[in-house]
Each structure stands twice: as structure tokens, then as C-alpha cells.
Amino acid sequence: MSMISLKPVWRNQQMSDEKQNRNTRQKSLILKYIRERQDIHVRAEDIINDLNASQERVGKTTVYRVLKTLETEGKIRKYTLSEKSPACYQYSGSHPECRHHYHLMCSQCGRLIHFNSVLLEQVAEEIMEKEDFTVDESKTVFYGCCSECRSRMENGGRDAD
């Protein structure tokens with residue numbers, strides 16, 4: 001009877017973990033892209049199209065793999081605004097407090113605004129007390145129109161001076 005060694009399997013897993021955690025050029029590019037756009041929601045398709053248009057070739061599979069890694073590392077947050085729209089990503093960096101605020105999403109330009117509110121915190125507490133239901137602030141999004149887009153619409157589509 002022969003013995004099967006598990007050591008090669010462990011070594012392959014260790015190499016896979018090291019490969020996933022390494023800081024590749026593509027990972028740095030994608031993180032930089034998201035960090036520079038931290039006030040708007042970013043979709044994987046945006047990253048792929050914009051980086052490829054700027055001569056920084058990245059593949060679709062690479063982008064999704066890196067996004068998953070960055071999310072696991074806590075550097076970005078992933079959330080789905082609706083079942084019919086693709087997931088969005090937001091830079092959170094080393095700011096764990098980023099999870100404790102609400103979001104205002106401009107339906108016109110896609111701008112994402114972080115919003116803290118004592119009143120909304122009280123509403124969340126009341127929901128917990130009355131319904132034993134916890135509100136996930138990181139996934140709570142209010143839709144509307146930001147001040148810049150409202151100004152543009154009031155000026156007939158022109159930017160306000």
C-alpha cells in the first residue's frame with residue numbers, strides 16, 4: 001500500500017495564497033484608478049475600458065480577481081445598487097469608519113456622496129427596537145440629483161458659472 005503525500009497540495013495552496021496577496025502592477029493600477037474616483041461609483045467595466053483606452057492593458061478576469069482581492073483586504077467596498085445593475089466599488093483605504101454612513105447617489109452623473117446623519121442613526125435604532133432588524137448603512141442608498149446636476153438642469157444644460 002502506497003502513501004499519498006499531502007505536502008505538494010499544501011505547497012500549491014501556499015503558493016496560491018502568496019500569488020493572490022502579492023502587489024502586482026495591475027493591482028496597483030486598479031487600486032489607483034478607484035482611489036482617484038472615490039467620490040463616484042466605479043464598475044468593473046469602467047476600469048477595463050478606461051485602463052485599456054489609456055494603453056494600460058488589463059484583462060477582464062484580472063480586473064475581477066483583483067477587485068475581489070482588494071475587497072478581501074478591506075481596501076475597497078463592493079455593493080450592489082440594484083439587482084439589474086452591475087456591482088459598484090468604492091475606495092475605503094484604511095478608513096473602517098467608511099462603513100458607518102449612508103450614501104446619496106446622483107441619478108444623473110453617478111456621483112456618490114457620503115452622508116452622516118444623527119436622525120438616520122435614530123431611525124435605524126428605532127427599526128432595531130421595533131422590528132429587531134439591523135440596517136446595513138453601507139448598503140443604504142438614497143437616490144436623487146446632486147447640486148451640480150440640478151444647477152446644470154436649471155441653466156438649460158450649461159454649467160453654472
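Just so you know, residue 1 is the first one in the sequence shown, and it goes up from there.
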*How far apart are the closest heavy atoms of Ile48 and Val58, and which atoms are they?*
CA-CG2, 4.3 Å

*Point-to-point distance, once rounded to the nearest 0.5 Å, from CE of Met105 to CD1 of Ile113*: 9.5 Å

*So do Tyr91 and Leu70 actually touch side chain to side chain, heavy atoms under 4.5 Å?*
no

*Distance in Å, His103 NE2 paired with Cys88 SG, rounded so as to fall on 0.5 Å steps*: 10.5 Å

*Minimal non-hydrogen separation, Cys149 against Cys145, with atom names*: CB-SG, 3.6 Å

*asked:* For the CE atom of Met128 and the OG1 atom of Thr134, what is their distance to the nearest 0.5 Å?
replied: 4.0 Å

*Neighbour count >12 (heavy atoms, 6.0 Å) for atom CD, Glu36*: yes

*Between atom OG1 of Thr69 and atom CG of Leu31, what is the distance when rounded to the nearest 0.5 Å?*
11.5 Å

*Go through the steps for Lys68 and Glu73 under the test salt bridge (Lys or Arg N to Asp or Glu O under 4.0 Å), then give the verdict.*
CA-CA 9 Å; Lys68 184 175 176 81; Glu73 292 173 354; over 6 Å; no

*asked:* Under the rule for salt bridge (charged side-chain N to carboxylate O under 4.0 Å, His left out), what residues qualify as partners of Glu45, not counting sequence neighbours?
replied: none

*Is there a donor-acceptor pair under 3.5 Å between the side chain of Asn116 and the backbone N or O of Tyr102?*
no

_Rounded at 0.5 Å granularity, tell me how far SG in Cys146 sits from CZ in Arg152._
6.5 Å

_Just to verify, what does Lys78 make a salt bridge (charged side-chain N to carboxylate O under 4.0 Å, His left out) with, not counting sequence neighbours?_
none

_Transitive ILVMFWY side-chain link Val123 to Phe133, under 4.5 Å_ = yes

_Is it the case that the side chain of Ser151 and the backbone of Ser147 share a donor-acceptor pair, with hydrogens and angles ignored and the cut-off at 3.5 Å?_
yes

*Does Lys75 offer a backbone N or O that forms a donor-acceptor pair with the side chain of Ser92 under 3.5 Å?*
yes

*Point-to-point distance, once rounded to the nearest 0.5 Å, from OG1 of Thr24 to CZ of Arg65*: 7.0 Å

*Step by step, would you call Asp132 with Ile127 a side-chain contact (heavy atoms from CB on, under 4.5 Å)?*
CA-CA 7 Å; Asp132 195 27; Ile127 291 170; over 6 Å; no

*Could you walk me through whether Leu120 and Phe115 pass the side-chain contact (heavy atoms from CB on, under 4.5 Å) check?*
CA-CA 10 Å; Leu120 288 177; Phe115 182 70; 3.9 Å; yes

*Enumerate the residue pairs fulfilling salt bridge (Lys or Arg N to Asp or Glu O under 4.0 Å) with a member in residues 46-60, sequence neighbours excluded, ordered by first and then second residue.*
Arg25-Glu56, Arg43-Asp46

*Among Val66, Val42, Leu67, Ile30, find the one that has a side chain to side chain contact (heavy atoms under 4.5 Å, CB included) with Ile76.*
Leu67

*Aromatic Tyr33 / basic Arg37 pairing, under 6.0 angstrom, 45° off normal*: yes

